[in-house]
K.L.:
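If you scroll down you'll find the structure; I have some questions about it.
Hydrogens, waters and symmetry mates are skipped; everything else that's a heavy atom, side chains included, is used.
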Amino acid sequence: MPYHLSDKVHFVQISSHVKAIDSIYQTTDFMGIRNIGFMVKRVRINTTDDERDKSNPFRFPNIGVEKFLELNSEQNHDDYCLAYVFTDRDFDDGVLGLAWVGAPSGWCQTQTLFLQ
């Protein structure tokens, strides 16, 4: 999302995406599981001021897509069932999105740390 847009415009864009996802999942039958809904519980917008914040893992402009996904995964999202990152970054090779694939029982799991 362009930096010159106001926070309100960003919220509207995110809300539009979530409403579209919600309408798809509300009407889809997932082998007997129905009426799955989505809502926004927390939004954080990184601004150019956040580039100077040493605690902000997303402050560097040249993070690759896999590292970006890893950095988001390292955040504690235990209070939320699902976490998304919307970004205006231009990743290599035209990558538009990337996600971890959860375990079959992965609905609303809490954070798990893995040793590399």
Side-chain angles (χ1 to χ4, degrees):
M1 291 179 236
Y3 294 114
H4 66 276
L5 297 177
S6 72
D7 288 352
K8 183 176 181 179
V9 172
H10 292 109
F11 290 129
V12 169
Q13 288 176 327
I14 291 168
S15 177
S16 173
H17 291 304
V18 172
K19 284 180 184 176
I21 293 166
D22 188 67
S23 69
I24 292 168
Y25 276 74
Q26 286 286 336
T27 59
T28 302
D29 183 345
F30 294 95
M31 295 183 272
I33 300 172
R34 301 188 63 132
N35 299 318
I36 297 171
F38 292 85
M39 67 179 195
V40 176
K41 189 169 180 181
R42 178 183 74 176
V43 174
R44 176 184 174 186
I45 296 176
N46 283 319
T47 66
T48 52
D49 290 338
D50 294 308
E51 290 176 3
R52 294 184 286 278
D53 180 357
K54 301 281 191 227
S55 69
N56 178 8
F58 304 104
R59 69 186 178 278
F60 302 108
N62 57 348
I63 301 171
V65 67
E66 290 89 2
K67 183 64 176 177
F68 195 89
L69 178 62
E70 181 182 316
L71 289 171
N72 182 54
S73 297
E74 291 172 356
Q75 306 299 304
N76 187 336
H77 301 291
D78 285 354
D79 290 340
Y80 315 99
C81 188
L82 187 63
Y84 276 93
V85 175
F86 293 91
T87 181
D88 187 37
R89 291 179 183 255
D90 186 12
F91 294 113
D92 291 341
D93 301 323
V95 172
L96 298 176
L98 190 67
W100 294 115
V101 177
S105 62
W107 288 97
C108 302
Q109 289 179 314
T110 56
Q111 186 178 34
T112 303
L113 300 176
F114 296 98
L115 300 175
Q116 293 188 9

K.L.:
Using every non-hydrogen atom in the two residues, find where Arg59 and Glu51 come nearest and quote the distance to one decimal.
P.N.:
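Heavy atoms only, the tightest pair is CB-O, 3.5 Å.
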K.L.:
Can you check whether Ile24's main-chain N or O pairs, donor with acceptor, with Thr28's side chain at less than 3.5 Å?
P.N.:
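Looks like yes, one N/O pair under 3.5 Å.
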K.L.:
Please report the shortest heavy-atom distance between Ile36 and Phe30, naming the atom on each side.
P.N.:
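Result for this residue pair: CD1-CD1, 3.8 Å.
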K.L.:
Taking all atoms of both residues into account, what is the closest heavy-atom pair of Phe68 and Arg89, and its distance?
P.N.:
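Of all heavy-atom pairs spanning Phe68 and Arg89, the closest is CE1-NE, 3.2 Å.
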K.L.:
Could you state the interatomic distance from CD (Glu70) to CG (Leu98), rounded to the nearest 0.5 Å?
P.N.:
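Output value for this atom pair is 11.5 Å.
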K.L.:
Between Gln26 and Gly37, which heavy-atom pair has the shortest distance, and what is it?
P.N.:
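The pair with the smallest heavy-atom distance is NE2-CA, 3.2 Å.
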K.L.:
Could you state whether Phe60 and Leu71 fall into the same hydrophobic cluster, counting links through intermediate Ile, Leu, Val, Met, Phe, Trp or Tyr residues with side-chain heavy atoms under 4.5 angstrom apart?
P.N.:
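Per the 4.5 Å side-chain linkage, Phe60 and Leu71 are co-clustered.
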K.L.:
Which heavy atom of His10 sits nearest to which heavy atom of Ile45, and what is that distance?
P.N.:
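Answer, listing the atom of His10 first, then Ile45: CB-CD1, 3.8 Å.
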K.L.:
Rounded to the nearest 0.5 Å, what's the gap from OH on Tyr84 to CG on Asn72? Could you check?
P.N.:
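One finds 11.5 Å between OH of Tyr84 and CG of Asn72.
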K.L.:
Where do Lys41 and Asp79 come nearest, in terms of heavy atoms and distance?
P.N.:
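Result for this residue pair: NZ-O, 3.4 Å.
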K.L.:
If I take atom CD from residue Gln13 and atom OG from residue Ser16, how far apart are they, to the nearest 0.5 angstrom?
P.N.:
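So the CD of Gln13 and the OG of Ser16 are separated by 8.5 Å.
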K.L.:
When you look at Met31 and Ile33, which way does the side chain to side chain contact (heavy atoms under 4.5 Å, CB included) test go after all the steps?
P.N.:
CA-CA 6 Å; Met31 295 183 272; Ile33 300 172; over 6 Å; no
K.L.:
Sub-3.5 Å donor-acceptor pair from the side chain of Asn56 to the main-chain atoms of Phe58, do we have one?
P.N.:
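Looks like yes, one N/O pair under 3.5 Å.
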K.L.:
I'd like to know if Phe38 and Val12 are part of one continuous hydrophobic network [Ile/Leu/Val/Met/Phe/Trp/Tyr, side-chain heavy atoms within less than 4.5 Å].
P.N.:
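Val12 does not cluster with Phe38.
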K.L.:
Distance check, rounded to the nearest 0.5 Å: Asp88 atom CG versus Asn46 atom CG?
P.N.:
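Separation between the atoms: 12.0 Å.
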K.L.:
How about Val85 and Gln75: do any of their side-chain heavy atoms sit closer than 4.5 Å?
P.N.:
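Not touching, per the 4.5 Å side-chain cut-off.
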K.L.:
As an exercise, state the distance from NE2 of His17 to CZ of Phe86, rounded to the nearest 0.5 Å.
P.N.:
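With rounding to 0.5 Å, NE2 (His17) is 5.5 Å from CZ (Phe86).
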